[in-house]
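When a ligand or atom number is given, it counts from 1 through the structure's own listing order.
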Amino acid sequence: MANIIRIEDIAHHVGEEVTIQGWLYNRTGKGKLVFLQVRDGSGIVQAVVFRPNVSPEVFEAADHLSQESSLVVSGQVRADARAPGIPGGYELDVRDLRVIQQAADYPITPKEHGIEFLMDHRHLWIRSRKQWALLRIRATVMRAIRDWLDSHGYLEVTTPILTPAAGEGTTTLFEVDYFGEPVYLAQTGQLYNEATIYAFGKVYCFGPTFRAEKSKTRRHLTEFWMVEPEIAFCDLEQLMEIEEQFVTYIVQTVLEKRQLELAVLERDTSALERVQPPFPRISYDEALERLAAIRAATTDPELKELLALEWGNDFGSPHETELAKQFDRPVFVYGYPTKCKAFYMEPWPGRPEVCKSVDLLAPEGYGEITGGSERISDPDLLLQRIRQEGLPEEAFRWYIDLRRYGSVPHSGFGLGLERTVAWIAGIHHVRETQPFPRTLGQVYP
Ligand code: 4AD
Ligand code: MG
């Protein structure tokens, strides 16, 4: 067998005899020709089996190969602009073929399948082109997240999954029995990072977080990944500057490194090219005015109804979608009412009913991709807020303690990985951005 290569490197092997190890994605043919679309995990190439060039056994095997059969195929790489594939423009002129396993009837055929069927077959569905492209983009987003933070002085720290108290509201807790005591799956690593900044200055955690979300929407998972940077000596204004640099780097990295995958997903990349700092910043109050103006202007009674919102309440998807439509890049909304946000946010100077919070809303209806704030740095105020919210004081003793030994203004945010990937990739539902998503309705496979 000739030199084994990966399909993604095929351009470097034109004219050479190579071997590819993979699976049959699709097969077509006519007469003396069989066209095998072969995938190896790094791409798809068309392997052309021409009867006079191979043994009768090889031709017979190629002609009867079933979808997803595993195989090792050798031949000469040819450049041909018309050849389909990922990357397109190359094909393999087959000389030899070995079938490792002739696959049984593969349930996901090139015809259309319903989403429920596909979700139940997620273990196989991830082999399909679009899912493959999405999960490669996810990996690149994860890499870009770490690259940017690591090269800007942030230390990656790990925060616990089993936690004694709620970080983000008590309504979405998953309870676990911890030797007879109730503990909860982490909703956030933030509170622990408010401790680690005092050791390292700038930190982040990046891992799975859990929310028992009862909402069945295209933006909610019960297990999702979040990256949470936390920064000492940082106020709300500085936080927004960090966020826009960070998000821009992620988007531009995907544009540069995942062109083929974005093409597979038919993503309109011009929308992504516009993602450059500065991002517009509007206050919650201004956002409400804009929503009122949209309501006044619309002739759609349903939208009018959906957009109704009293001061003090958090936005839902329709509000975020309509607001984001007014801008060509992500938009910051800052200064939310204290009562609709978590207990730890610093009050707005002179306006205690407002807090120093900021959400970043993605364009094109993808909604909130980051949530962040300046944190309360005064121990007495923090204790007061914990009591007001009826949270268990004892569980937060260590957290209040942090405000007693060199407390400083500090800020941080959390970026939801799946929402970010869904937006960049331009796909409808966040569930497809995870290899094995967990939602209200599904924990299988
Ligand atoms: O706004 P959230 O709840 O903020 C926090 O958890 C803070 N502790 C972060 C911080 O300041 N360190 O969540 C942050 C982001 C959201 O903007 C959203 O992108 C994502 O996490 N997110 C979800 N993604 C998918 N499914 C869910 N159920 C999500 N809940 C939040
Ligand atoms: Mg939020």
Side-chain angles (χ1 to χ4, degrees), residues 138 141 145 149 154 157 159 163 165-174 184-197 202-231 234 236 239-240 242-243 246-247 250 284 313-317 319-320 324 330-334 336-337 340-346 355-362 366-376 399 410-424 429-434 437-441:
R138 176 185 171 100
V141 170
I145 282 171
L149 292 165
Y154 293 74
V157 295
T159 52
T163 58
E168 294 292 331
T170 49
T171 57
T172 61
L173 287 171
F174 277 115
Y184 310 99
L185 297 183
Q187 297 167 305
T188 171
Q190 175 202 321
L191 277 57
Y192 294 97
N193 276 346
E194 289 184 67
T196 61
I197 50 163
K202 298 202 276 187
V203 300
Y204 68 99
C205 60
F206 188 19
T209 42
F210 304 86
R211 307 244 174 126
E213 300 273 9
K214 306 273 163 19
S215 31
K216 222 175 183 172
T217 78
R218 68 187 188 99
R219 299 172 181 179
H220 287 94
L221 296 162
T222 53
E223 177 177 333
F224 63 97
W225 275 58
M226 182 158 57
V227 57
E228 296 182 89
E230 190 74 22
I231 310 112
C234 177
L236 193 67
L239 187 71
M240 289 193 253
I242 293 166
E243 286 193 40
F246 180 59
V247 169
I250 295 167
Y284 174 87
N313 293 325
D314 205 353
F315 300 132
S317 306
H319 309 105
E320 291 178 352
V331 53
F332 287 114
V333 181
Y334 63 88
Y336 284 79
C340 72
K341 290 290 178 189
F343 70 95
Y344 50 69
M345 299 189 181
E346 178 76 14
C355 61
K356 293 179 102 178
S357 58
V358 63
D359 283 0
L360 184 65
L361 310 184
Y366 288 93
E368 177 198 328
I369 49 168
T370 81
S373 70
E374 204 172 311
R375 324 298 193 190
I376 292 174
Y399 186 63
H410 61 285
S411 302
F413 66 94
L415 172 133
L417 178 64
E418 289 76 16
R419 289 194 194 168
T420 303
V421 173
W423 162 49
I424 295 175
H429 200 299
V430 290
R431 67 185 156 209
E432 288 177 44
T433 69
Q434 261 190 4
R438 270 78 185 94
T439 58
L440 181 59

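- Taking the ring axis of Phe224 as reference, the NZ or CZ atom of Arg219 does not stay both within 45° of it and closer than 6.0 Å to the ring centre.
- Evaluation of the side chain to side chain contact (heavy atoms under 4.5 Å, CB included) rule for Cys205 yields Thr159, Asn193, Glu228 as partners, not counting sequence neighbours.
- Among residues two or more places apart in sequence or in another chain, the side chain to side chain donor-acceptor pair (under 3.5 Å) test is passed with Glu346 by none.
- Within 4.0 Å of ligand 1, protein heavy atoms belong to Glu168, Thr188, Gln190, Arg211, Glu213, Arg219, His220, Leu221, Phe224, Met226, Glu228, Tyr344, Glu368, Ile369, Thr370, Gly371, Gly372, Arg375, Gly412, Phe413, Gly414, Gly416, Arg419, listed by chain and number.
- Panel detail: the Mg ion (ligand 2) has protein N, O or S atoms under 2.8 Å away, 1 in number.
- Checked for salt-bridge contact, Glu230 and Lys202 miss the test: no charged N lies under 4.0 Å from a carboxylate O.
- Remark: aromatic rings of Phe315 and Tyr336 are close, center separation under 6.0 Å.
- Looking at Gln187, its side chain does come within 3.5 Å of a backbone N or O of Gly169 through a donor-acceptor pair.
- With hydrogens and angles disregarded, a donor-acceptor distance shorter than 3.5 Å links the side chain of Glu418 to the backbone of Trp225.
- Side-chain atoms of Arg138 come within 3.5 Å of backbone N or O of Thr433 as a donor-acceptor pair.
- Between the Ser411 side chain and the Cys234 main chain, a donor and an acceptor come within less than 3.5 Å of each other.
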